[in-house]
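Before any comments, here is the structure.
Bear in mind the structure is a predicted one, so any value in this text is a computation, not a measurement.
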Amino acid sequence: MAGRSIDNPRAEEFNLYENQCSPRSSIQCDELSGLPLFSERSKLLKWVLNYLPLPFSVAEFGCGQKAGVVLRMLTHVHGIPSYALQRLLVMERDMSAAAIAEKDCHHRPHALIAENPLASRVDLQSPAFHRYIKERAEDISIEDDVLRAGNYRIQIRDRVQFATARSHIAVVVNFWDPTDLRVVKRIVDVTLDRTRLFPVETIRHLLHAPEAWIFMAPMLGEFRLETDFLTDQQENQIDQRYQGDIARCEISTSRHSNLVRKLSGAEEGTIGDPATWTWVNNIFVGDNPEVHDQLRAQTGEGNPGRILLKKLIKACEWGQSDQTVSTLEKLEVLEADLGVKKALQEEAFRCERELIPLARAANAVSHFNSLKEIAKRYRQGQGLFPASGDPDRIRNYHGLGVSLRRRIEVVATRSRNDEGTIDARAFNRRFFAVVLETIRQMNRAGLRVCIDQVGNLHGLLLDKEAVHSIKSDPEAIRRLTGESLGFGSHLDTVLNAGKYAGRLGVFSGIEVAATLKHLQRCFELPLYPEGHHCPLMVSAYIGGELIDNGSGSAYSGSATVAGITKPESLLSGVTATGENYRTRLKAMWDFLSDSLDRDELLRLETAPPPVYFQPRHFYERNIERGSFLRKCGAPISLVAKCAFVSLAEAGIVLQLERSFGETHTPEETEMAADLLLGTLLQLDITREVLHSGTESIDSLYHLAAKHFPGPFICKTGEFYDACNLAFSRSRSK
């Protein structure tokens, strides 16, 4: 986002927010009330589950921050009106001083306790897990039965109690059900249940606290005891004390606080006292009292929205269209006057930063479990790609999809200009930053990086002997890569072409290399059969836009590798931004020389010619430009022809993955499962090639087609994206 300040640079790994005026993906809403339709709840859950900044692990703190991220996502990204959303706070039944002093949940009959999904998925004593955590080196440590990340302590137990907070925060969505003509409230809380949006009363069951108090708040409003969800015991207690004469949602703030203190036994000024609560939580937010004071100052401003929402719901359910319209207008004016959207946005940015350590730990566990499943299946001689599209099988590899998306998100963040637009055209300053990040990701994946004469990056999986031979004889590069399996696509972007365009082919290759490295080092699964070695190479080409060389447009950097364009043709040309190619290439070299450490780049006497980096077989993944796959219902497709050339004959794999728009910019929240599916196929083919040897495979395309199941159709039309090696090499052949 333009102008956004990030305290921790690594926050970029989880930043998915964009400064856009209109939502990218709208939930379908009722035309009259604006409330989201009840039929859209599954789509909403899918988007929430796929959102990178949202860790699903259970921890003592973090639920309020997760709610902040979800609220901003639903309002700003997916177009749900903020008046349709509420915060929910569920609190322990007994908040007396004696109960607060008791830390053992076994001695507190009303303790909030959540099932911990990590307990069955992680063995903290596993040597493989220790090796993995050491390998990642992401400020995560293991202490007895606790995983520590930043200020978070993630307990690896079957059940986790909220010993300090004594409460839990979630998001409530008010849906309109046109079939039953009623408003339906559902909770969005993927920490407690990631399989569905569940009814409000169910949260007591999920927290093992049948008498917990339930409070709700409109945006910027106070948490108030929700009378619709009192238990019989709570109703009786209130009726006996107050004889049913208090409309509890509409009483004054001081009377409501007094009521809750008497009902729960809370003392003034404690976490059980509503007088201390903000519109976000019932405890201090972070370590900064100023943040708490700021939120406290805003708390209560949205309370009129509580009454207006009740009127809107009543008017909708009674079919009073005129009353619905007039109430809706008042709600929209109120929220505009209060600046609700701005407050949600600012709060979400803070929440996202605070969640980074928790998200990093949760994603590490998820990724490790994916690797563990991959290692198990490979040892059993089984493949990963699910021929039936079995969702349970795919779910086991969720961490792999998250890891790939994180790679792409990091370079997307570095690619944004001051207006928030993706712009990393060849050799602009953002492209330099993308190149630097790509080199470092390649190195962390175990690849050694060369840059050729025209600025293409090539990451090679090399042993020490091969590195020495290259440094003493650059011709050795040609011999090594001539037997290699290559991955790649272009790294620079067409202006605002989208974060996935081209880069999917680059970073999926890096992800495959990193996965193979983890399998080898953490699970002792060898890369190759004994005595056999097949080089692996990931290439990132200059090629998002064509280069003007004075006598027409030269082909992209991939074409210089293919040998159909001379390097001089590019070097003497002008970039898409009107600058001299050779001058900007030198500027990139100077930038990298100042930024890189000693061993992050294979520094040779001279930059090798591009033709030195021709792989025997090439595998590219790219995003479809158009709606062919979406209309067919196919998530991925194997391309049979590229610009009228048979890829089966050329032996090249070009794998298209669907876009949900009419361009090659997919909705990232729709892409997680598709990205994962394509990666599983790529891993299976890579492993077979590494264990068979590239020389024994006549056509990589035929090998891929053998793995490709019937439900995933093969596209036999033409593909015209000229910015990739698959196009260039097929033309040369």
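- A salt bridge does not link Glu511 with Arg444: none of the charged nitrogens is closer than 4.0 Å to a carboxylate oxygen.
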Would you check, one step at a time, whether the test side-chain hydrogen bond (donor to acceptor under 3.5 Å, both in side chains) holds for Ser508 with Arg503? CA-CA 8 Å; Ser508 65; Arg503 287 153 176 200; over 6 Å; no
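- Between the side chain of Asn369 and the main chain of Val365, a donor-acceptor pair closer than 3.5 Å is present.
- Using a cutoff of 4.0 Å between basic side-chain nitrogens and carboxylate oxygens, Lys517 and Glu135 are scored as salt-bridged.
- The backbone N or O of Gly399 sits less than 3.5 Å from a side-chain atom of Ser370, completing a donor-acceptor pair.
- To the nearest 0.5 Å, the span separating CD1 on Ile477 from NZ on Lys471 amounts to 11.5 Å.
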When you look at Thr515 and Leu371, which way does the side chain to side chain contact (heavy atoms under 4.5 Å, CB included) test go after all the steps? CA-CA 7 Å; Thr515 300; Leu371 295 170; 3.7 Å; yes
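- Remark: the backbone N or O of Asp158 is not paired with any side-chain donor or acceptor of Asn116 at under 3.5 angstrom.
- At least one donor-acceptor pair under 3.5 Å links the side chain of Ser126 to the backbone N or O of Ala128.
- The shortest non-hydrogen separation linking Leu536 to Thr686 is CD1-CG2, 4.1 Å.
- Ser366 contributes no side-chain N or O that, together with a main-chain N or O of Ala362, makes up a donor-acceptor pair within less than 3.5 Å.
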Go through Ile154 and Val160 one step at a time and tell me if the side chain to side chain contact (heavy atoms under 4.5 Å, CB included) criterion holds. CA-CA 9 Å; Ile154 306 171; Val160 177; over 6 Å; no
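- Counting only distance, with no hydrogens or angles, the side chain of Asp492 and the backbone of Ala424 share no donor-acceptor pair below 3.5 Å.
- A donor-acceptor distance shorter than 3.5 angstrom exists from the side chain of Ser472 to the backbone of His468, with no hydrogens or angles considered.
- Taking 4.0 Å as the cut-off between side-chain N and carboxylate O, Glu475 and Arg478 count as a salt-bridged pair.
- A distance of 5.0 Å separates CG of Leu404 from OG1 of Thr679, quoted to the nearest 0.5 Å.
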Is there a side chain to side chain contact (heavy atoms under 4.5 Å, CB included) between Phe618 and Glu620 once you walk through the steps? CA-CA 7 Å; Phe618 187 76; Glu620 177 175 5; 3.6 Å; yes
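- Checked by atom type and distance alone, the side chain of Ser469 pairs as donor or acceptor with a backbone atom of Ala466 at under 3.5 Å.
- For the pair Met442/Ile510, a side-chain contact is recorded, criterion being any heavy-atom separation below 4.5 Å from C-beta on.
- Sorted by first and then second residue, the ring-ring contact (aromatic ring centres under 6.0 Å, His included) pairs with a member in residues 442-466 read His458-Phe613; sequence neighbours excluded.
- Taken to the nearest 0.5 Å, the CG atom of Leu384 stands 4.5 Å off from the CG atom of Asp684.
- For Asp423 and Arg430, the salt-bridge test passes: some basic side-chain N is under 4.0 Å from an acidic carboxylate O.
- Looking at heavy atoms from C-beta onward, Ile685 lies out of side-chain contact with Val653 at the 4.5 angstrom threshold.
- Outside the 6.0 Å centre-distance limit, the rings of Phe431 and Phe591 are not counted as a close aromatic pair.
- Side-chain contact between Leu638 and Leu654: absent, with no pair of heavy atoms (C-beta onward) separated by less than 4.5 Å.
- Between the CZ atom of Phe368 and the CD atom of Glu373 there is a distance of 12.0 Å, given to the nearest 0.5 Å.
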Stepwise side-chain hydrogen bond (donor to acceptor under 3.5 Å, both in side chains) test for Thr191 and Lys66: CA-CA 9 Å; Thr191 296; Lys66 295 177 192 178; 2.8 Å; yes
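- Taking 4.5 Å as the limit, some side-chain heavy atom of Phe129 sits within range of a side-chain heavy atom of Leu147.
- Salt-bridge formation is detected for the pair Arg479/Asp473: a Lys NZ or Arg NE/NH1/NH2 atom is positioned less than 4.0 Å from an Asp or Glu carboxylate oxygen.
- Salt bridge status for Glu524 with Arg379: absent, with no side-chain N to carboxylate O gap under 4.0 Å.
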Give the intermediate values and the outcome of ring-ring contact (aromatic ring centres under 6.0 Å, His included) for residues His518 and His367. CA-CA 10 Å; His518 284 308; His367 191 234; 5.8 Å; yes
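- To the nearest 0.5 angstrom, Asn456 atom CG is 9.5 Å from Ile451 atom CD1.
- The closest side-chain heavy-atom distance from Lys376 to Gln380 is below 4.5 Å.
- With rounding to the nearest 0.5 angstrom, the CG atom of Leu680 is 7.5 Å from the CZ atom of Phe385.
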